[in-house]
Structure formats: C-alpha cells, structure tokens
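Below: the structure, in structure tokens.
This structure is a prediction, so every number in the text was calculated from the model and none was measured.
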Amino acid sequence: MDRFTQLTAIAAPMPNENIDTDQIIPARFLKTILRTGLGKNAFAAQRYDGNGAERPEFVLNQEPYRHAEILITLDNFGCGSSREHAPWALLDFGIRCVIAPSFADIFHNNCFKNGILPIRLPREICEMLMDDARQGSNSRLTVDLEKQVIIRPDGETVSFDVDPFRRHLLLEGLDDIGQTMAHDDAINTFEHQASRAWVPSITMETTK
C-alpha cells in the first residue's frame, strides 16, 4: 500500500448526500477480485449514457476534475453494501482522499485498509472547500496528514482529526498484511524459540 503523507492535488466537488457503494461501483462490475481496472467504471451510471458515451455534465468528466485525486462530498458517503470494490474503484480512478461530513462505517474502515484517507469535517466546511474546488484549474488543495491540516488555495488551513493508529498505518503505508510483516523479526524469533522448546515425547514399551 502506498504511503500517504502529503497530497497536493485537484479536488472535485460532488455535492450529493447518501452516495452509496452501488453508485461508486455498480454491482455488475464486481466480477473481479483484482484491485485494478475498476476505475474506468467508477460512478458508471453518472459518467456514461446508455451508449457508453461520457455525460459532459458529470463532474469527473470535466476538466480539470477528470484528474482529481481529492473528492469533496456530503453526508453518509459510501453507504449501502460493504463491498470493498468501492474504495478499490476510487483508488484506481486516482482518488486518494475523500472529504465529507460523515461516512458509512464499513466504507470508512475499508478506505484506511486501501490507502485512501477519509476526512470528516462539518458540513459548512465541506461546502466551503467545494467552493474552493469550483475554481477549476485553481482548485488544488493540500492535505497534510502529518500535520493533520488541509491548506486551501488562499493559504488558510483547516484542521482535521484522524485516529492515531490509522494515521500511523497510512503514513507508513501498512495494510493488514503489512502490519503483520512489520513484526517479521519478532515472529521469526518466537517461532525459532518455540521450535527449540518443543520436544516430542516418545513412549517406549518393552515386552518380556
């Protein structure tokens, strides 16, 4: 998993509530267990018409937002099913950070497991950042996870909170397997000591 330390990127405004995982990646695309290739179908119903052509009114089909790495939206983002394909699709599209007033719990957890930073901020702050994002080519925001601040285009900073353990995992680029492998030396030492301490008992019987 790639580390997340500081990200300066285009932010796309998506002022909708209750964007569920089926909108993020429709069920018909859940035929893969790979984490790649889903980005082209992220938000498929909104991005494409019945003939597969892009809908020009959808924000991620517009310049510069088709290159966005930050998504700013409204309440209850990621609700619906627990499919981990939703953060996979966002990540494959290029999204590394989602800012919203609230998230569905499972989606929120899955973001951290896949290298996406979900940031909870009050609705009025999200709406302010969406106004920044609507500046188009000047819509770059900086998200600094080490300092836990968002730097707006005018230089003003907005603070945010992240669970310290999850912050550590993102800063170090550790998913569930990475967390285990970080203790590889201790695991090997334990296994070596355990194998030396274990001696099979052998019972020998004699007959007369």
For [X], check side-chain contact (heavy atoms from CB on, under 4.5 Å) against everything at least two apart and list the hits.
X: Y48; answer: A44, E54
X: Q23; answer: I19, D20, Q46
X: I125; answer: L121, P122, M128, L129, V158

I'd like a table of donor-acceptor pairs (distance under 3.5 Å, sequence neighbours excluded) in which one partner is a side-chain atom from residues 91-101, with atom names and distances.
{"residue": "D92", "atom": "OD2", "partner": "G37", "partner atom": "N", "Å": "3.0"}
{"residue": "D92", "atom": "OD2", "partner": "L38", "partner atom": "N", "Å": "3.2"}
{"residue": "D92", "atom": "OD2", "partner": "G39", "partner atom": "N", "Å": "2.8"}
{"residue": "R96", "atom": "NE", "partner": "G115", "partner atom": "O", "Å": "3.0"}
{"residue": "R96", "atom": "NH2", "partner": "G115", "partner atom": "O", "Å": "2.8"}

Could you work out, with ring-ring contact (aromatic ring centres under 6.0 Å, His included) as the rule, every residue matching F112, not counting sequence neighbours?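 Partners of F112 by the ring-ring contact (aromatic ring centres under 6.0 Å, His included) criterion, ordered by chain and then number, come out as H108.
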Mind checking who shares a hydrophobic cluster with I151, ILVMFWY linked at side-chain heavy-atom distances under 4.5 Å?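 I151 shares its hydrophobic cluster with V149.
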Among residues two or more places apart or on two chains, list those pairs meeting ring-ring contact (aromatic ring centres under 6.0 Å, His included) that have a residue in residues 114-149.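 Sorted pair list comes back empty.
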For [X], all residues meeting salt bridge (charged side-chain N to carboxylate O under 4.0 Å, His left out), sequence neighbours excluded:
X: E63; value: R66
X: D75; value: R123
X: R140; value: none
X: D131; value: R134

Without placing hydrogens or testing angles, list every side-chain donor-acceptor pair under 3.5 Å for residues 1-13, not counting sequence neighbours.
{"residue": "Q6", "atom": "NE2", "partner": "D144", "partner atom": "OD2", "Å": "2.9"}
{"residue": "T8", "atom": "OG1", "partner": "T142", "partner atom": "OG1", "Å": "2.8"}

Does a donor on one side chain and an acceptor on the other come within less than 3.5 Å for N61 and R55?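 Absent: no donor and acceptor within the cut-off.
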